[in-house]
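Contents: one structure, followed by commentary.
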Number of protein chains: 2
Amino acid sequence: MKATINDVAKQAGVSIKTVSRVINNEVSVRQLTREKVQKAVEELNYQPNLAARNLAGAKSFSVAYIYDNPNAYYIIDMQEGILSACKQQGFELLIHPCDAKNKNITEEVVNMVKHARIAGLILTPPLSEMPEFVKSLVALDVKVVRIMSGDVAPDDLSPCVMVNDRDAAQTITQHLIDLGHKDIGFIAGDAKHMSTVERYKGYRRALKESNIDFNKELVIEGEYSFDSGVSGAKQLMSAENNKHRPTAIFSCNDEIAAGALFAARLMNISIPEQLSIVGFENSPFSRQTWPKLTTADQPNNQIAEDAANLLISQVRKQKNQTTISQYVPKLIIRDSTAIVSNR
Amino acid sequence: MKATINDVAKQAGVSIKTVSRVINNEVSVRQLTREKVQKAVEELNYQPNLAARNLAGAKSFSVAYIYDNPNAYYIIDMQEGILSACKQQGFELLIHPCDAKNKNITEEVVNMVKHARIAGLILTPPLSEMPEFVKSLVALDVKVVRIMSGDVAPDDLSPCVMVNDRDAAQTITQHLIDLGHKDIGFIAGDAKHMSTVERYKGYRRALKESNIDFNKELVIEGEYSFDSGVSGAKQLMSAENNKHRPTAIFSCNDEIAAGALFAARLMNISIPEQLSIVGFENSPFSRQTWPKLTTADQPNNQIAEDAANLLISQVRKQKNQTTISQYVPKLIIRDSTAIVSNR
DNA sequence: ATAACAATTGACAGCGCTGTCATTTTTTTA
DNA sequence: TAAAAAAATGACAGCGCTGTCAATTGTTAT
């Protein structure tokens, strides 16, 4: 029923080793031989047995996606992106949710890598942004690719796929400025996430370039959650804070923005007439709020696929891929932003 | 570095075959021997190599989760539930998103099962509710566990974990009735999903038991999407439809409910004062709408874990698990429902 | 044309485990 | 107590592939 390498070898009239060479894309195979083998492979619909390859070879054909992130949309996007790269390259994907706060996380992950003979890992924030964790992994010779926030990699521990949140945040803030807003609140995500820091920098830069005075009181520390958006917006829009009441709020992600929307509703502030709100991420529910959120779109699927390909080619040692891809999320204007109202 | 079965055998002073017996929980091993081996296993922190087990044995130690479902929250919940069962039982999990509309889906899945030597599959709606698909898989001797909507399994093709949407829908409708609602709209999800059918049945049953006349015009066919909620609610609440304007809407899931909320907002209908809306699923964003949704909670994580355990014990042939678990989602009252207003 | 080299191919062991079946030990029965 | 039956254990092959290294073939330089 299922063809083995032996069947292919017989069909092609070569040794199994030669077949092995062809399917592994090794160099020293004559063109003619290679074609014969490829023909046999197709005729028999042969697919190499991953377990056997993993067992026999020094290499492995599985990668793992390690995450600690409550955002289901993000994870699914990542996962499916990685999966599609894996499928193309004949790799398996293991999924491993874990807890960044766990002290033994390095041990846990290393254990898993050794146990399951994993070729490499894909890390997303916040795990990708824990230098000690990454360092330990790299020191133990675990191949890693990180997806991180920033324009350039912070170190050369591993190849990185960078998401330029700073430029995107600048663009989105500029959008608010273009609408006439000068008092723009900022509700931060988790301070430990680079994305928060980067988005903050972009926000500051936009203000600066438009010569708008930065007002510290308009910045609220928060975390990436709906509740944080609720309390942040309340704080920004509260009566005591009246003199500094912003006309727009930059929320570090869509969830925070949804929370801000909720708070505005509680306080009878109409959006976008009295207050403009922007989110970040373009997660599906940014289209399901009232009003729909202006936000920045991250091509997570593609980012993930890119990262997976980077990892796989690194594992294959095809080239010493120090290449770094960079993505800049782009502005999506919907209904939560409008021209500033007269006051 | 990594202990093999050989190391354990030496350490315990037995043959590798005996170690194999112990780790596979086979019967004919003397208690004393078993303990010796277990001690060695612990001392060496031995973990069997999955690739080798898969390769050598007739059995396999991987299961796959096949899905076609746009709902990220649902998938993540399922996945993590399955994963935790797998971890406990020493199984690997492969994830395989696919397209239910694809004609070749059976072939695709069978191919994958054979290729990756998968012990069994976990299927969720809509895949679990495609009889031909399931039948083909079972005919090809692929072990399957289905998660489905209903109170009893529709056939005995495979073990099932049933989610009793009907009872839950009845409860949630009853909640509306208890609040004094008599004109209760129903926005259906995809007609092909059993969950839609079951929820509809529960809705009808609740009406009947309270002697409320069923009004066909209050039922809107839809699909599981935000947009469907928007258009459904618009239709129900439109002026032409005035005489039948419902005072409450049963939405087949939270996304539809969010859409209905959106439509209400568009039409200047205040929730819950003028209109009560309920959702279904208790997905995270049912807490992030304004107002927060009254809904029915499904313990997806646990359902998934259950299904995975069922599959694994079936694969192990430990017992002929025809057992069927049943879960009934339970009512969660939040802010989108209120006592019916006078008209 | 022939030696010297390089490119190509194949034989074979073995990755870590399980299945089969033979062997040894223990228990039961006569 | 010995023979028969049952239980426990082990020896060994082999799952499907890759790594190593030797053998073969082709190519270039003399």
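Protein chains get the first letters and strands the later ones, always in sequence-line order, with residue 1 at the start of each.
You'll find the side chain of A:I303 stays beyond 4.5 Å of the side chain of A:E305, heavy atoms only. The closest side-chain heavy-atom distance from B:Y327 to B:P299 is below 4.5 Å.
In this structure, B:R34 and B:L55 both approach DNA chain D, and ranking their closest nucleotides by distance from the 5' end singles out B:R34. Residue A:S28 is the one, among B:T4 and A:S28, whose nearest nucleotide of DNA chain C lies closer to the 5' end (criterion: closest heavy atom).
Distance from the side chain of B:P48 is smallest to C:dC17 among D:dT18, D:dA11, C:dC17. Picking from C:dT9, D:dA11, D:dA8 the nucleotide with the shortest atom distance to the side chain of B:K17 gives D:dA11. Of the listed nucleotides (D:dT18, C:dT18, C:dG10), D:dT18 has the atom at the smallest distance from the side chain of A:A56. In the set C:dG10, D:dA8, C:dG16, the nucleotide with an atom closest to the side chain of A:T18 is C:dG10.
When rounded to the nearest whole Å, the span between CG of B:N49 and P of D:dC17 equals 16 Å. Computed from coordinates, the B:R53 CZ to D:dC17 P distance equals 21 Å when rounded to whole Å. Rounded to an integer number of Å, the gap from CG of A:L50 to C1' of C:dC15 is 15 Å. Whole-Å rounding puts the A:N6 CG to D:dT18 C1' distance at 14 Å. If you measure from atom CD of B:Q47 to atom P of C:dG16, you get 15 Å, rounded to the nearest angstrom. For the pair B:E35 CD and D:dA8 C1', the computed distance is 16 Å after rounding to whole Å. D:dA7 atom C1' lies 14 Å from atom CD of B:E26, rounded to whole Å. Taking atom CD1 of residue A:I16 and atom P of nucleotide C:dC12, one finds them 11 Å apart after rounding to whole Å.
When heavy atoms are screened at a 4.0 angstrom cut-off, A:Y46 is found touching the sugar-phosphate backbone but no base atom. As judged by a 4.0 angstrom heavy-atom cut-off over every strand, B:N24 is placed among residues touching the sugar-phosphate backbone only.
Just one residue in the list B:I5, B:T33, B:N6 forms a side chain to side chain contact (heavy atoms under 4.5 Å, CB included) with B:V19, and that residue is B:I5.
Considering only side-chain N and O atoms, A:T33 lies under 4.0 angstrom from the phosphate OP1 or OP2 of C:dT9. Distances shorter than 4.0 Å separate none of the side-chain N or O atoms of B:S15 from OP1 or OP2 on D:dA11. Remark: B:S20 is in phosphate contact with C:dT18, judged by side-chain N or O atoms under 4.0 Å from OP1 or OP2.
Judged by distance alone with a 3.5 Å cut-off, no donor-acceptor contact links the side chain of A:R21 to the base of D:dG19.
Salt bridge absent: B:E42 and B:K39 never bring a charged side-chain N and a carboxylate O closer than 4.0 Å.
For the atom pair B:L123 CG and B:M130 CE, the distance stands at 9.0 Å (nearest 0.5 Å).
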